[in-house]
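What's counted below: heavy atoms across the whole structure, side chains too, no hydrogens, waters or symmetry copies.
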Amino acid sequence: MNPSIPGVTPLRQRMLDDMRMRKLEPKTQAGYLRAVRHLAIFLKAAPDTATVEDLRRFQLQMVDRGTSPITLNATITGLKFFFDVTLGRIDLMAKMQPVRVPQKLPVVLSRPEVARLIAAAPNLKSQTALSIAYGAGLRASEVIALKVGDIDSQRMTLRIEQGKGRKDRYAMLSPLLLERLRAWWRVAHAQGRMLPGGWLFPGLNPMDPVTTRQLNRAIHAAAEAARIDKRVSMHTLRHSFATHLLEQKVDIRVIQVLLGHKKLETTSLYTHVATEILREVVSPLETLHPA
């Protein structure tokens with residue numbers, strides 16, 4: 001049982017209950033609540049008093065203020081949940097329309113850049129975390145959620161529990177990555193930082209995992225130390241993993257499975273950044289005979 005929170009309005013409590021019924025992720029719930037709060041600030045009134053025209057003006061204000069397409073669409077999604085599920089008035093969203101998000105190519109590192117980046121990580125834990133992000137193509141959230149028991153050295157796989165979309169899957173475990181993981185385990189275990197069956201990358205408190213913010217700080221420090229001037233994040237290693245596999249002629253459907261993508265179109269993005277494949281194509285100019 002989850003009793004009502006003191007000081008919360010009945011309308012907000014109903015929305016909280018609606019989200020809890022559907023077991024939405026805490027991050028999703030926070031985003032939906034933020035969208036409704038911003039609408040209330042715009043209206044200077046309760047959000048359930050909004051009209052179709054109010055919502056239209058709210059979207060126009062966001063556009064005029066330069067709100068990014070991703071943020072704008074996320075706000076619309078949150079409001080759609082509020083008006084459809086909580087109020088049962090989806091008709092009020094008639095004039096709010098999602099906008100097209102520009103398709104941008106991801107930043108990809110070369111193989112030498114990846115090697116320099118990992119080597120420049122500030123400590124062994126960071127080096128190992130970056131190695132697993134690149135070596136298995138994991139998201140930062142999947143790296144920090146790994147436990148010692150998720151490593152299967154017999155089948156050479158990593159078990160990813162409840163990744164994006166609440167899906168379990170297996171990721172690849174290469175011999176070199178296994179060797180690095182064992183080296184990290186020996187050091188962390190000897191220092192008493194890794195609990196039996198606990199997190200593979202524990203935080204300051206071994207009961208908690210390292211945070212994605214800490215990993216991002218580590219990779220930014222590594223990029224600076226390695227003198228890599230590209231805009232690097234943990235997700236850059238995942239992009240590089242997929243691109244390098246594609247350049248190695250690995251079937252794109254296999255890469256889709258390794259990344260845990262639901263749609264092949266998502267994985268096909270990497271065909272646009274696999275430069276080694278482009279370099280192998282012979283231009284028709286080369287085949288022209290002199291006039």
Side-chain angles (χ1 to χ4, degrees), residues 27 68-71 74 101-146 158 160 163-165 169 171-174 176-181 183-184 187-188 199-204 209-248 250 252 255-256 258-261 266-279:
K27 189 175 180 180
S68 72
I70 292 176
T71 300
V101 178
Q103 183 78 303
K104 294 184 178 181
L105 294 178
V107 173
V108 173
L109 300 178
S110 67
R111 288 172 177 80
E113 285 175 329
V114 173
R116 281 164 40 209
L117 180 76
I118 293 174
N123 52 54
L124 182 59
K125 179 164 75 171
S126 299
Q127 288 178 354
T128 311
L130 300 192
S131 294
I132 205 169
Y134 172 70
L138 303 190
R139 303 175 178 91
S141 59
E142 294 169 345
V143 173
I144 67 173
L146 285 171
L158 293 166
I160 311 300
K164 188 174 181 180
R169 76 176 192 281
M172 62 184 294
L173 175 61
S174 69
L176 179 57
L177 181 56
L178 178 60
E179 183 181 321
R180 294 188 181 187
L181 287 171
W184 160 241
V187 171
W199 303 108
L200 185 59
F201 300 107
L204 294 177
V210 68
T211 65
T212 54
R213 180 175 295 182
Q214 289 171 314
L215 284 187
N216 273 309
R217 279 204 299 264
I219 196 172
H220 291 153
E224 184 176 355
R227 297 183 179 180
I228 296 173
D229 56 7
K230 295 178 180 176
R231 192 173 180 178
V232 174
S233 69
M234 286 296 293
H235 219 67
T236 304
L237 293 176
R238 178 172 161 88
H239 291 320
S240 302
F241 164 84
T243 304
H244 295 166
L245 285 183
L246 195 60
E247 291 175 342
Q248 291 170 204
V250 175
I252 194 169
I255 300 173
Q256 177 191 2
L258 291 174
L259 293 175
H261 284 164
T266 307
T267 316
S268 65
L269 170 69
Y270 298 108
T271 60
H272 299 286
V273 290
T275 55
E276 288 189 14
I277 292 177
L278 295 179
R279 287 198 295 268

Side-chain heavy atoms of Leu200 within contact of Thr128, under 4.5 Å: no
For His244, all residues meeting ring pair (Phe, Tyr, Trp, His ring centres under 6.0 Å), sequence neighbours excluded: Tyr134
Please table the atom pairs, donor to acceptor, closer than 3.5 Å between any side-chain atom in residues 223-232 and protein atoms at least two apart or in another chain.
from: Lys230; atom 1: NZ; to: Val108; atom 2: O; distance (Å): 3.0
from: Lys230; atom 1: NZ; to: Glu113; atom 2: OE1; distance (Å): 2.9

Donor-acceptor under 3.5 Å (Ser126 side chain, Pro122 main chain): no
Distance, nearest 0.5 Å, that separates CG of Leu245 from CD1 of Ile255: 5.0 Å
Backbone N/O of Val210 and side chain of Lys125: donor-acceptor pair under 3.5 Å: no
Contact summary for Leu130 and Leu237, nearest pair of heavy atoms: O-CD1, 3.6 Å
CZ-CZ distance between Arg238 and Arg139, expressed to the nearest 0.5 angstrom: 4.0 Å
Test log, rule side-chain contact (heavy atoms from CB on, under 4.5 Å), inputs Thr267 and Leu246: CA-CA 10 Å; Thr267 316; Leu246 195 60; over 6 Å; no
Arg169 side-chain N/O to Ile160 backbone N/O, donor-acceptor pair under 3.5 Å: no
Ile70 CD1: over 12 foreign heavy atoms closer than 6.0 Å: no
Gap between atom CZ of Arg217 and atom OG1 of Thr212 - 0.5 Å precision: 10.0 Å
Student check: side-chain heavy atoms of Pro202 and Pro209 closer than 4.5 Å: no
Ser131 and Arg180: side chain donor to acceptor below 3.5 Å: yes
Spacing of Leu181 atom CG and Ile132 atom CD1 [to the nearest 0.5 Å]: 4.5 Å
Worked check of side-chain contact (heavy atoms from CB on, under 4.5 Å) between Phe201 and Val143: CA-CA 8 Å; Phe201 300 107; Val143 173; 3.8 Å; yes
Ser174: partners by side-chain hydrogen bond (donor to acceptor under 3.5 Å, both in side chains), with sequence neighbours left out: none
Closest heavy-atom pair and its distance - Ala222, Leu117: CB-O, 3.4 Å
Minimum-distance pair of heavy atoms, taken over all atoms of Asn216 and Met234: OD1-N, 3.4 Å
Trace of the side-chain contact (heavy atoms from CB on, under 4.5 Å) decision for Leu138 with Leu146: CA-CA 10 Å; Leu138 303 190; Leu146 285 171; 3.9 Å; yes
Closest non-hydrogen atom pair, Val114 against Leu109: CG2-CB, 3.8 Å
Partner set under ring pair (Phe, Tyr, Trp, His ring centres under 6.0 Å) for His220, not counting sequence neighbours: none
Donor on one side chain, acceptor on other, Ser68 and Thr71, under 3.5 Å: yes
Contacts of type salt bridge (charged side-chain N to carboxylate O under 4.0 Å, His left out), residue Arg111, not counting sequence neighbours: Glu247, Glu276
Minimum-distance pair of heavy atoms, taken over all atoms of Thr236 and Val107: CG2-O, 3.5 Å
Crowding at CG, Leu204 (>12 non-hydrogen neighbours, <6.0 Å): no
Residue pair Met172, Leu258: steps toward the side-chain contact (heavy atoms from CB on, under 4.5 Å) verdict: CA-CA 7 Å; Met172 62 184 294; Leu258 291 174; 4.1 Å; yes
Under the side-chain hydrogen bond (donor to acceptor under 3.5 Å, both in side chains) test, residues paired with Ser268 that sit two or more places apart: none
Minimum-distance pair of heavy atoms, taken over all atoms of Leu124 and Ala183: CD2-O, 4.2 Å
